[in-house]
Amino acid sequence: MHVPDGFLDAPTSLATGVVAAAAVAVSLRAARRELDDRTAPMAGLVATFVFAAQMINFPVGAGTSGHLMGGALAAVLVGPWTAVLCLSVVLVVQALLMADGGITAIGTNISLIGIVTVAVGWGVFVLLRKVLPARLSIVAPAAAAGALLSVPVAALVFTGLFAIGGNAPVDLTALTATMLGWHTVIGIGEAAVTGLVVASVVAARPDLVHGARPLLAERVLETRAAVAS
Amino acid sequence: MGAGHGHRLHFHGHSPVHRAPAHLKVLALLGFMLIVVATPREAYAVFALWAVVLLGVIALSRVPLTYLLPRMVVEVPFAIFAVLMPFISHGPRTEVLGVSVSEPGLVAGIALLVKGSIGVLASLTLAATTEPQDLLRGLQRLRMPDLVVQIMGFMIRYLDVVTAELGRMMTALRSRGCDPRSPRHWPVLARSLGALFIRSYERGERVHLAMLSRGYDGSLPQAGKAR
């Protein structure tokens, strides 16, 4: 999934690097609001969780498998700013210690997997949370919808980058169609896993799910009269 | 994960490449790869030169190629794309081994494969010769924000703990007849991932409290000093 060295030309890689650095700088300030002084250990452990979740592959068809990107999942679970930080750290560690994703493509990978999937996943999630009735049961489907859209949009942004700084004369409409088709299938897998994971966390510890906090605040304690027998 | 264990890709050694400061290695890798990426795609002699430079560094590091080459499999998905390139590109056609392929596509595919392979091999060399703790200190010297370095440090420190926890969960699932790859068992798999998230989050809270009780004030005391 990770873009290697040489896929996009140097100017495009540098430009995405600047975008990524700016986004991480903004996230650093905002994540302190989400996690206060717990940021370092909490984001570190959540990053480890995202890394572990990415190790699980699911079949996409035709013998290939995709793996979870986790942008929408992390955004709903710990909030968008912390999610951008966690995914960026995961991508840097993967590039420097695991040779997964090129070092010149770190900016591109952070922009695509860190920023675009988190922004789209969280945006769709917040929109649905506003529209749908304020119940805890809508958190998981809304997260799944965010995940479903986040993957094809990331693929689309990648195609856009490829159109600007791609190193190959590929027919762009065909590439766009292939990328969209393929990543819609991956998006369905991502949506299913994201929805199910969020549902299980909401069932066990709804207070941990960042995206569910406004709904929890609206819940009132009900005291029901015991049935006399 | 105790000190000195290194990580999966690390190859223990005492060569000049191992001993070189991590921030210089990261800068060298970044600069080298920027030059490689910016090299015109048909300058094969220049690519050969870059490959010789890289192989020279690997020889200096005394990390055997038999150790690095099998680990290049991470590149496979994009290698497939590079191999497909001559068939899906447009432009004038040419014959290779009796198959009609696009000429600019062939050039682009080869360049992609060469640049990608040099990149993966160079990154593997950095990973094989650098301890995670040295890398963190190197990134700190490169003025990476302190908070990012701290987050990365916690991620590296707990990587094996959390992945081992996931491994134990997977073993438990499999021993009860679950096939984690089958979509039929996704609900079970997702519940395990949910449990893993809760455990990781709560571990983070415990780590934070333990740090507070030892006087954590937002910066790690040992981060700036030598080991």
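Computed from a predicted model, the values in this text were never measured in an experiment. What's counted below: heavy atoms across the whole structure, side chains too, no hydrogens, waters or symmetry copies. Here is the naming used below: chain letters follow the sequence lines, and residue numbers restart at 1 for every chain.
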Checklist entry - Does A:Phe125 have any ring-ring contact (aromatic ring centres under 6.0 Å, His included) partners at least two apart in sequence or in another chain, and if so, which? => result A:Trp122

Item to check | Residue list, salt bridge (charged side-chain N to carboxylate O under 4.0 Å, His left out) with A:Arg205, at least two apart or on another chain | outcome: A:Asp207, B:Glu202

Checklist outcome for this item: Across all chains, not counting sequence neighbours, the salt bridge (charged side-chain N to carboxylate O under 4.0 Å, His left out) partners of B:Arg199 are B:Glu165

Item to check | Between B:Leu209, B:Val207, B:Thr163, the one whose heavy-atom pairs under 4.5 Å with chain A are most numerous | outcome: B:Thr163

[atom1] of [X] to [atom2] of [Y]: how many Å apart, nearest 0.5 Å?
| X | Y | atom1 | atom2 | result |
| --- | --- | --- | --- | --- |
| B:Lys25 | A:Leu96 | NZ | CG | 11.5 Å |
| A:Ile103 | B:Leu30 | CD1 | CG | 5.0 Å |
| A:Leu208 | B:Tyr201 | CG | OH | 6.0 Å |
| B:His208 | A:Met42 | NE2 | CE | 9.0 Å |
| B:Ile35 | A:Thr104 | CD1 | OG1 | 12.0 Å |

Item to check | Evaluation steps, side chain to side chain contact (heavy atoms under 4.5 Å, CB included), between B:Leu189 and A:Val193 | outcome: CA-CA 8 Å; B:Leu189 187 67; A:Val193 176; 5.8 Å; no

Check [X] against [Y] and note the closest heavy-atom contact, atom names and distance.
| X | Y | answer |
| --- | --- | --- |
| B:Val37 | A:Ala10 | CG1-N, 3.7 Å |
| A:Leu196 | B:Ala190 | CB-CB, 3.1 Å |
| A:Ala52 | B:Leu196 | CB-CD2, 4.0 Å |
| B:Gly194 | A:Ser200 | CA-OG, 3.4 Å |
| A:Pro41 | B:Gly204 | CB-O, 4.0 Å |
| A:Gly44 | B:Phe154 | CA-CB, 3.8 Å |

Item to check | Proximity of residues 74-87 of chain A to chain B, residues having a non-hydrogen atom under 4.5 angstrom | outcome: A:Leu77, A:Val78, A:Leu85

Identify which part of [X] has an atom lying under 4.5 Å from any heavy atom of chain A, answering side chain, backbone, both or neither.
| X | answer |
| --- | --- |
| B:Leu34 | both |
| B:Met170 | side chain |
| B:Leu212 | side chain |

Next on the checklist: Counting heavy-atom pairs under 4.5 Å with chain B, which one of A:Ala47, A:Ser13, A:Ala192 comes out on top?
Outcome noted: A:Ala47

Checklist entry - Using a cut-off of under 4.5 Å for heavy-atom pairs, which of A:Thr194, A:Val202, A:Ile106, A:Val89 has the most such pairs with chain B? => result A:Val89

Would you check if [X] and [Y] make a side-chain contact, meaning some heavy-atom pair closer than 4.5 Å?
| X | Y | answer |
| --- | --- | --- |
| B:Leu166 | A:Phe49 | no |
| A:Arg32 | B:Leu147 | yes |
| A:Leu45 | B:Arg203 | yes |
| B:Met152 | A:Val93 | yes |

In terms of heavy-atom proximity below 4.5 Å to chain B, should [X] be classed as side chain, backbone, both, or neither?
| X | answer |
| --- | --- |
| A:Val90 | both |
| A:Ala21 | neither |
| A:Val24 | side chain |

Item to check | B:Ile156 vs A:Leu97, side chain to side chain contact (heavy atoms under 4.5 Å, CB included): CA-CA, chis, key distance, verdict | outcome: CA-CA 10 Å; B:Ile156 290 169; A:Leu97 288 180; 3.8 Å; yes

Item to check | Derivation and outcome, side chain to side chain contact (heavy atoms under 4.5 Å, CB included), residues A:Asp5 and B:Val36 | outcome: CA-CA 9 Å; A:Asp5 286 309; B:Val36 170; over 6 Å; no

